[in-house]
Structures are given as structure tokens and as C-alpha cells.
Amino acid sequence: MDATVRAAIEITPAAGTAERIIDITTTGRRTGRPRRIEIFFYRALGETYLCSGTSGRPTSWYANLLAHPEFTLHLKHGLRADLAARATPVTDGTERRRVLAEIVADLNQPHNPGTIAQPTRPEDWLDSRLARITFL
């Protein structure tokens, strides 16, 4: 992977909101058609993740990735790149807690990169949809 692209993916807690926003194109689970949405991505434990946040509601992007794990991640702020990727749901409770604790600690930075209005707790995120990204 190109060093510039790798640097854009390997964000740190100092990254601002714009650096965390990407688009993903999934394959519709029912239609088989491309579906593109805007979403935040996160870094935790040296890996890259997609996460739905605290609502716990079903999400189309996650359901699409369960049916068709391969997708395209689109970098779009500062650097434009379309990256082939595969999503793996994180379902093990211990692993989820470790990953979510690091994501929440990152979001609770003083400069508030994730645009969360008030501090959040890992427990608030336990029902979120969480998928690890592997770049192909």
C-alpha cells in the first residue's frame, strides 16, 4: 500500500473529524446493487474499524457487509483513493470491549474529534455494529 494512503488510514487520536469521514460502497444484500454511504472509520489496537455508534439500531451497511463482505473504502479528505477491502464482524465479547474501549477513549479526546457533544463510555457502545477492515 502506498505510504500516503497508509498514513491517511492510520489516524491517531490527534486526527480531526474530517480525517475520520469516509464513504464506503457495499453491495446491497437484496438488490445486489452498489450502495454508497458516508461513515466514520476508527483505529484501535493497530487495526481499522467501521462502527455504527451508540444507537444499536440495525444498519443497512452492516447487513450488506454480512451478506457481501467485500466493499470499497473511499478516502475523500485531503487524499482521494478507492481501496478494496473486506469486513469481518467483531462478535467476540472480549474483543469488542477492548476495541470499543479504545475507540471511545479516542473520541473523548479534548478536541472532540468525533463530534460527540459530551464524553461517552464504552458501555454506551456495546450494542453498536462493529467490523474490522482488511485491505485487499
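Between Val99 and Leu130 the shortest side-chain heavy-atom distance falls below 4.5 Å. No side-chain heavy atom of Trp125 sits less than 4.5 Å from a side-chain heavy atom of Ser52. Side-chain contact check for Glu95 versus Arg132: some heavy-atom pair is nearer than 4.5 Å.
Partners of Ala81 by side chain to side chain contact (heavy atoms under 4.5 Å, CB included), not counting sequence neighbours, listed by chain and number: Val5, Leu75, Leu83. Residues meeting the side chain to side chain contact (heavy atoms under 4.5 Å, CB included) test with Thr91, sequence neighbours left out: Pro89. Residues passing the side chain to side chain donor-acceptor pair (under 3.5 Å) test with Asp82, sequence neighbours excluded: His74. Partners of Arg80 according to the salt bridge (Lys or Arg N to Asp or Glu O under 4.0 Å) rule, which considers only residues two or more places apart in sequence or in another chain, do not exist here. Partners of Arg29 by salt bridge (Lys or Arg N to Asp or Glu O under 4.0 Å), not counting sequence neighbours: none found.
Closest approach of Ala131 and Tyr62 over heavy atoms only: CB-CE1, 4.5 Å. Across all non-hydrogen atoms, the minimal contact from Ile133 to Ala85 is CG2-CB, 3.8 Å. Summarising the geometry of Ser128 relative to Leu100, their closest heavy-atom pair is OG-CD2, 3.7 Å, with the distance given to 0.1 Å. Minimum interatomic distance between Val90 and Arg96 (heavy atoms only, all atoms of both residues): O-NH1, 3.0 Å.
Here the straight-line distance linking atom CD1 of Ile22 with atom NE2 of His77 works out to 10.0 Å at 0.5 Å rounding. The distance from atom CG of Leu73 to atom CG of Asp23, rounded to the nearest 0.5 Å, is 9.0 Å. Rounding to the nearest 0.5 angstrom, the gap separating the OG1 atom in Thr27 from the CZ atom in Phe71 is 11.0 Å. For the atom pair Met1 CE and Glu10 CD, the distance stands at 8.0 Å (nearest 0.5 Å). Note that CZ of Arg129 and CG of Leu50 are 13.5 Å apart. Values are rounded to the nearest 0.5 Å.
By the criterion of side-chain heavy atoms lying less than 4.5 angstrom apart, applied directly or through intervening Ile, Leu, Val, Met, Phe, Trp or Tyr residues, Trp61 is grouped together with Phe135 in one hydrophobic cluster. Hydrophobic clustering (side-chain heavy atoms under 4.5 Å, transitive across Ile, Leu, Val, Met, Phe, Trp, Tyr) groups Ile39 together with Ile11. The cluster map of Ile, Leu, Val, Met, Phe, Trp and Tyr, joined by side-chain heavy atoms under 4.5 Å apart, puts Ile21 and Ile103 in the same cluster.
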- request: Please lay out, stage by stage, how Arg35 and Asn64 fare under the test side-chain contact (heavy atoms from CB on, under 4.5 Å).
  value: CA-CA 9 Å; Arg35 300 287 184 220; Asn64 290 344; 4.1 Å; yes
Could you list the donor-acceptor pairs under 3.5 angstrom formed between side-chain atoms of residues 41-49 and any protein atom two or more places apart in sequence or on another chain?
from  : atom 1 : to    : atom 2 : distance (Å)
Arg43 : NH1    : Thr48 : OG1    : 2.7
Arg43 : NH2    : Gly46 : O      : 3.2

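A side-chain donor-acceptor contact under 3.5 Å links Arg20 to the backbone of Ala15.
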